[in-house]
There are 2 protein chains.
Amino acid sequence: MSDLLGRLRGRGWRMTAQRRVVAEVLDGEHVHLTADEVLARATARLPEISRATVYNTLGELVSLGEVAEMSTDGRAKRYDPNAHRPHHHLVCSRCGAIRDVHPEGDPLTALPAAERYGFAVDAVEVTYRGVCPDCARA
Amino acid sequence: MSDLLGRLRGRGWRMTAQRRVVAEVLDGEHVHLTADEVLARATARLPEISRATVYNTLGELVSLGEVAEMSTDGRAKRYDPNAHRPHHHLVCSRCGAIRDVHPEGDPLTALPAAERYGFAVDAVEVTYRGVCPDCARA
DNA sequence: ATCTCTGCAAATGGTTTGCATGAGA
DNA sequence: TCTCATGCAAACCATTTGCAGAGAT
């Protein structure tokens, strides 16, 4: 729990039952749910929530900068509530498990000026891929 | 030109007019086309090529390891023919322009063992984001 | 009271698939 | 010849949108 709801309230975000449930479902560490998974968990707590509302709310949280969209693997986008603290991702190539990681050093400095093509670089996304302990054991 | 076709022929890849055109369209440096763009350029050279064939062929090139799929931004996947030489991407946040870049040092070493959660890490994808010179000027 | 969020359902965009035909090795 | 790639169209999946009504501030 990293108090996503508290932060949202502090920003004067309009609160409704649906929006609260989406934020609750999303809050935590190492959480990377798809929109569909968010809908499923939200429906469990509040049956009268609709798919469109989940998408609307996710989109809003993303544009508020409170949730980050990961377009990592094939199909559906995943939503990561840890947008306020920069981190990277470690993904299992077999089962798709995802962990948040914090590399040492500033990844931006790894790109030499000669390789910047005149871009003003201000962010970097890093995804490490490998096999998780559970899959390695099996 | 990095001779994608030559490599494919060398691997005994079944050659047809359609497959050759897709490979030709894709070959080069800093090429990151969507399936739709590949179809458009392929159609210009060979009108009787179909969308399904483009998708089939792209999928096959990806599973052969000759082309890499980038799931970077929002909508459509992009296809990168430089899969044989590891590199990262530099993307313009405004216009979406993409360049291939080659950071110094091994990016894999940037992830401390204590942050690996027991994973056997074997690859890393890096996307730098910033504003390209053209957009900065405007 | 006002402003907007919500639900429904239909539309959209990207990608995949089934099947009969036709071309490669 | 025998296999497999192709084309067409329909299916699919994730996501977006229009609209009328309910709900929050």
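Only heavy atoms go into these numbers, but all of them, side chains included; no hydrogens, no water, no symmetry mates. Labels below follow one simple rule: chain letters A, B, ... track the order of the sequence lines, proteins then strands, and each chain is numbered from 1.
For the pair B:Asp36 CG and C:dT15 P, the computed distance is 8 Å after rounding to whole Å. Look at CZ on B:Arg51: it is 15 Å from C1' on C:dT17, rounded to the nearest Å. With rounding to whole Å, B:Arg78 atom CZ is found 10 Å from C:dT15 atom P. Atom pair B:Leu39:CG and C:dG13:P shows a separation of 16 Å (rounding to whole Å applied). The distance from atom CG of A:Leu8 to atom P of C:dC5 is 13 Å, rounded to the nearest whole Å. A:Ile49 places its CD1 atom 14 Å from the C1' atom of C:dC8, with the value rounded to the nearest Å.
If you find the closest nucleotide of DNA chain D to A:Tyr79 and to B:Thr53, the one lying nearer the 5' end belongs to B:Thr53.
The two residues A:Pro107 and A:Val124 make their nearest non-hydrogen contact at CB-CG1, 3.7 Å.
For residues 51-62 of chain A, the set of pairs meeting the salt bridge (charged side-chain N to carboxylate O under 4.0 Å, His left out) definition, not counting sequence neighbours, comprises A:Arg19-A:Glu60, A:Asp36-A:Arg51. Among residue pairs with one or both ends in residues 86-108 of chain A, those qualifying as ring pair (Phe, Tyr, Trp, His ring centres under 6.0 Å) are A:His32-A:His89, A:His87-A:His89; sequence neighbours excluded. Among residue pairs with one or both ends in residues 2-21 of chain B, none qualify as ring pair (Phe, Tyr, Trp, His ring centres under 6.0 Å); sequence neighbours excluded. For residues 117-138 of chain A, the pairs satisfying ring pair (Phe, Tyr, Trp, His ring centres under 6.0 Å) are A:Tyr117-B:His30, with sequence neighbours left out.
At the heavy-atom level, A:Ala76 lies under 4.0 Å from the strands shown only through sugar-phosphate atoms.
Near-neighbour residues of DNA chain C inside residues 54-70 of chain B, defined by a heavy atom below 4.0 Å, number-ordered: B:Tyr55, B:Asn56. For the segment residues 12-20 of chain B, the set of residues with a heavy atom within less than 4.0 Å of an atom of DNA chain C comprises B:Arg14, B:Met15, in numerical order.
Scanning for ring-ring contact (aromatic ring centres under 6.0 Å, His included) contacts around A:His84 gives an empty result, with sequence neighbours left out. Applying the side-chain hydrogen bond (donor to acceptor under 3.5 Å, both in side chains) rule to A:Arg45 yields the partners A:Glu24; only residues at least two apart in sequence or on another chain are considered. Legend: residues meeting side-chain hydrogen bond (donor to acceptor under 3.5 Å, both in side chains) with B:Arg14, ordered by chain and number and at least two apart, are absent.
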